[in-house]
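Here the structure comes first, spelled out in structure tokens, and everything after it is commentary.
The analysis underlying the following values was restricted to heavy atoms, covering all of them including side chains, and did not include hydrogens, waters or symmetry mates.
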Amino acid sequence: QVQLVESGGGLVQAGGSLRLSCAASGRTFSSYAMGWFRQAPGKEREFVAGINWSTSYADSVKGRFTISRDNAKNTVYLQMNSLKPEDTAVYYCAARRGPTRRDEYEYDYWGQGTQVTVSS
């Protein structure tokens with residue numbers, strides 16, 4: 001069982017930056033692929049970024065967001081730069097064994113989410 005807790009969300013102006021963190025419980029964190037997803041009001045949850053032995057990004061965030069992990073701290077991060085109003089959403093981290101996937105249904109464990117609001 002893996003428990004995930006996100007933090008770092010908030011309100012920021014367009015062009016600003018935020019760093020989200022996701023702290024995981026468990027002793028085998030390094031064996032899990034980690035993903036960040038987001039869900040805006042009235043929209044479906046979508047893949048943002050993933051990391052295991054490599055990283056992957058949604059086209060909409062490529063070049064602006066960076067995913068990283070610190071296995072010693074059981075934590076995955078999402079550095080978000082050049083934020084846009086369309087980045088406003090609840091951001092979730094998720095975990096699965098094996099390689100990174102972009103489909104949310106491939107993930108077994110989820111955090112509770114953290115709100116990111118970007119004002120224009």
| message | Could you measure the distance from the CD atom of Glu106 to the OG1 atom of Thr100? Nearest 0.5 Å is fine. | response | 11.0 Å

| task | First locate atom OG of Ser82, then atom CZ of Arg64, and finally report the distance between them rounded to the nearest 0.5 Å. | result | 7.0 Å

| task | Would you check if there is a donor-acceptor pair between the side chains of Thr75 and Asp70 at a distance under 3.5 Å? | result | no

| note | Under a side-chain separation threshold of 4.5 Å, the hydrophobic residues clustered together with Tyr105 are none

| Side-chain cluster (under 4.5 Å, hydrophobic types only) that Tyr77 belongs to, other residues | none

| task | Begin with the C-alpha distance, continue with both residues' side-chain angles, and end with the deciding distance and a verdict on side chain to side chain contact (heavy atoms under 4.5 Å, CB included) for Gln79 and Ser68. | result | CA-CA 8 Å; Gln79 178 66 44; Ser68 62; over 6 Å; no

| said: Give me the atom names and distance for the closest heavy-atom approach of Tyr107 to Ala33. | reply: CE2-O, 4.2 Å

| task | Go through the steps for Glu104 and Tyr92 under the test side chain to side chain contact (heavy atoms under 4.5 Å, CB included), then give the verdict. | result | CA-CA 10 Å; Glu104 62 174 310; Tyr92 300 89; over 6 Å; no

| message | Once salt bridge (charged side-chain N to carboxylate O under 4.0 Å, His left out) is applied, do any residues pair with Asp59, and if so which ones, sequence neighbours excluded? | response | Lys62

| Is the number of heavy atoms from other residues, nucleotides or ligands under 6.0 Å of Gln3 CD greater than 12? | no

| task | Could I get the full list of salt bridge (charged side-chain N to carboxylate O under 4.0 Å, His left out) partners for Glu86, not counting sequence neighbours? | result | none

| field | Under 3.5 Å: donor-acceptor pair, side chain of Thr88, backbone of Thr117 | value | no

| Between CD on residue Gln13 and OG on residue Ser119, distance to nearest 0.5 Å | 5.0 Å

| Heavy-atom side-chain contact between Arg69 and Asn71 under 4.5 Å | yes

| task | Please round to the nearest 0.5 Å and tell me the distance separating atom CG of Asp103 and atom CZ of Arg45. | result | 10.5 Å

| Contact list for residues 46-56, test side-chain hydrogen bond (donor to acceptor under 3.5 Å, both in side chains), sequence neighbours left out | Arg38-Glu46

| remark: Shortest non-hydrogen pair, Ser120 vs Ala14, comes out as CA-CB, 4.4 Å

| query | For Val2, which fellow cluster members are found when Ile, Leu, Val, Met, Phe, Trp and Tyr are connected by side-chain heavy-atom distances below 4.5 angstrom, either directly or through intermediates? | reply | Leu4, Val12, Leu18, Leu20, Phe29, Tyr32, Met34, Trp36, Val48, Ile51, Tyr57, Val61, Phe65, Ile67, Val76, Leu78, Met80, Leu83, Tyr91, Tyr109, Val116, Val118

| message | I'd like to know whether the aromatic ring centres of Phe37 and Phe47 sit less than 6.0 Å apart in this structure. | response | yes

| task | Answer yes if the side chains of Ser31 and Arg97 hold a donor-acceptor pair under 3.5 Å, and no otherwise. | result | yes

